[in-house]
Amino acid sequence: MAVTVKTFASASEAAGALSSDRTARYLGGGTLVMRALNEGDVSISTVVRAQDQALTRIDASAPRITLGAGVTFARVLAERDLAFLHAPARSIGGPAVRNMGTVGGNLFAPNPYGDFTVALLALDATVAVQGGFGSRDIPIEEFLQARERQAGTLVLSVSCTRPASSEAFRYRKIARIKPKGGSVMTLAAHLPISGGRIAGARIALGSMAPTQIRARAAERALEGRSLDAATIAAAASAAIEGTSPSDNALGSAWYRREVVGVHLRRLLSGQE
């Protein structure tokens with residue numbers, strides 16, 4: 001089946017093309033769309049591209065940083081001001097994938113991928129999109145819940161909270177092959193501290209449900225408490241609540257449920 005490639009100067013033109021053609025997919029780094037085409041996905045008949053420089057812009061000067069959807073993981077790793085995102089970026093593929101894969105594309109990566117999105121979910125990210133309805137900002141949790149219906153919209157950028165300290169944000173990817181493999185599971189935690197107690201805890205999990213999710217029971221176990229052994233144990237015990245992992249070649253659903261608390265305890269305790 002022939003595939004038409006359309007390249008536009010502006011993001012708004014590309015968004016218009018996406019929203020008017022149900023068979024169109026946006027091509028950013030190509031790690032998802034080109035793979036689908038190479039595997040014979042006949043649902044894609046048009047590939048849309050944009051040369052808008054705004055899609056590759058990084059604004060790391062404010063407490064809430066903004067990354068254009070076309071920013072690659074290699075560029076994230078090259079920015080000293082984005083050091084808190086280096087571990088999630090480094091955990092994705094090898095150098096070739098990190099040179100091509102983009103922040104916006106990772107939002108659509110199915111399990112066992114999408115690790116950078118786990119970090120963004122823990123950091124209370126907002127996704128800016130444009131489609132037939134115009135442009136708007138969507139909380140990342142809402143975006144992920146409706147991800148399958150986002151094919152006709154163009155992701156413009158993602159913004160997220162900058163942690164107050166290196167201790168406030170923690171990330172761990174469990175994989176059979178490091179760093180290139182898909183994840184058995186991925187965990188990220190944002191733990192702001194006020195007066196010695198956790199205020200506004202966010203825990204995010206990857207490969208523990210059809211999309212990345214928050215571990216709300218674990219968050220409740222942490223909220224308003226100091227990060228001591230008893231609090232960590234309570235959060236680890238609650239980590240399984242609300243999860244619905246599936247079986248795949250990297251691990252069974254049973255295994256994931258058994259070990260998610262173990263890995264959350266290690267993450268919160270600062271263990272390697």
Side-chain angles (χ1 to χ4, degrees), residues 63-64 82-92 111-125 139-141 144 160-176 178-179 181-246 250-272:
R64 196 168 177 83
L82 299 178
F84 65 99
L85 289 172
H86 285 184
R90 192 178 295 112
S91 75
I92 295 171
N111 285 333
Y113 307 108
D115 303 307
F116 198 81
T117 299
V118 178
L120 293 174
L121 180 57
L123 292 169
D124 191 23
I140 190 170
E141 201 168 5
L144 292 170
C160 71
T161 301
R162 179 192 299 278
S165 69
S166 59
E167 284 296 303
F169 178 67
R170 306 173 187 206
Y171 174 85
R172 178 184 293 257
K173 175 179 175 177
I174 314 302
R176 304 289 188 194
K178 298 180 180 179
S183 68
V184 174
M185 70 181 62
T186 307
L187 309 95
H190 186 209
L191 306 170
I193 301 293
S194 177
R197 297 182 181 277
I198 301 167
R202 287 179 70 102
I203 308 292
L205 304 174
S207 294
M208 291 301 294
T211 68
Q212 298 84 349
I213 58 170
R214 287 174 64 185
R216 293 187 180 277
E219 292 173 357
R220 290 194 294 273
L222 295 168
E223 194 64 26
R225 296 176 172 83
S226 57
L227 193 62
D228 55 25
T231 299
I232 291 172
S237 296
I240 193 174
E241 188 174 321
T243 64
S244 56
S246 58
L250 298 171
S252 67
W254 173 86
Y255 177 76
R256 289 182 164 98
R257 284 193 292 266
E258 287 292 311
V259 302
V260 63
V262 174
H263 288 296
L264 182 59
R265 177 173 54 76
R266 290 176 179 172
L267 181 76
L268 298 177
S269 301
Q271 300 176 8
E272 293 298 328

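Source: prediction; values computed, not measured.
Nearest approach of Leu144 to Gln212, heavy atoms of both residues: CD2-OE1, 3.7 Å. Closest of all the heavy-atom pairs between Pro245 and Ser207 is CB-O, 4.0 Å. The two residues Ala235 and Leu264 come nearest to each other via the heavy atoms O-CD2, 3.7 Å. Between Leu250 and Ser183, the closest heavy-atom pair is CD1-O, 3.7 Å. Ala188 and Tyr171 get closest at one heavy-atom pair: CB-CD1, 4.1 Å.
A distance of 9.5 Å separates CG of Leu268 from CZ of Arg172, quoted to the nearest 0.5 Å. Here the CG-OG1 distance, from Asn111 to Thr211, works out to 8.0 Å after rounding to the nearest 0.5 Å. Between the CD1 atom in Ile140 and the SG atom in Cys160 there is a gap of 9.0 Å [rounded to 0.5 Å]. Going from atom CD1 of Ile193 over to atom OG of Ser165 covers 8.0 Å, rounded to the nearest 0.5 Å.
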Please tabulate, for the side chains in residues 113-124, all donor-acceptor contacts under 3.5 angstrom to protein atoms that are two or more places apart in sequence or on a different chain.
{"unit_1": "Asp115", "atom_1": "OD1", "unit_2": "Thr186", "atom_2": "OG1", "d": "2.7"}
{"unit_1": "Asp115", "atom_1": "OD2", "unit_2": "Lys173", "atom_2": "NZ", "d": "3.0"}
{"unit_1": "Thr117", "atom_1": "OG1", "unit_2": "Asn106", "atom_2": "O", "d": "3.0"}
{"unit_1": "Thr117", "atom_1": "OG1", "unit_2": "Asn106", "atom_2": "OD1", "d": "2.9"}
{"unit_1": "Asp124", "atom_1": "OD1", "unit_2": "Arg202", "atom_2": "NH1", "d": "3.4"}

Practice prompt. For the pair Ile203 and Leu187, evaluate side chain to side chain contact (heavy atoms under 4.5 Å, CB included) and give the outcome as yes or no after the intermediate values.
Written response: CA-CA 7 Å; Ile203 308 292; Leu187 309 95; 5.9 Å; no

Item to complete: Please report the C-alpha distance between Val259 and Ile174 in whole Å, then the side-chain angles of each, then the deciding distance to 0.1 Å, and finally whether the side chain to side chain contact (heavy atoms under 4.5 Å, CB included) criterion is met.
Response: CA-CA 10 Å; Val259 302; Ile174 314 302; over 6 Å; no

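For the side-chain hydrogen bond (donor to acceptor under 3.5 Å, both in side chains) condition, the pairs that include at least one residue of residues 254-271, sequence neighbours left out, are Asn248-Arg256. Annotation: side-chain hydrogen bond (donor to acceptor under 3.5 Å, both in side chains) contacts involving residues 221-242, sequence neighbours excluded, comprise Arg220-Glu241, Ser226-Asp228, Asp228-Thr231.
Annotation: side-chain hydrogen bond (donor to acceptor under 3.5 Å, both in side chains) contacts of Glu141 (sequence neighbours excluded): Arg214, Arg216. Residues passing the side-chain hydrogen bond (donor to acceptor under 3.5 Å, both in side chains) test with Ser246, sequence neighbours excluded: none. Contacts of Thr161 classified as side-chain hydrogen bond (donor to acceptor under 3.5 Å, both in side chains), with partners at least two apart in sequence or in another chain: Arg64.
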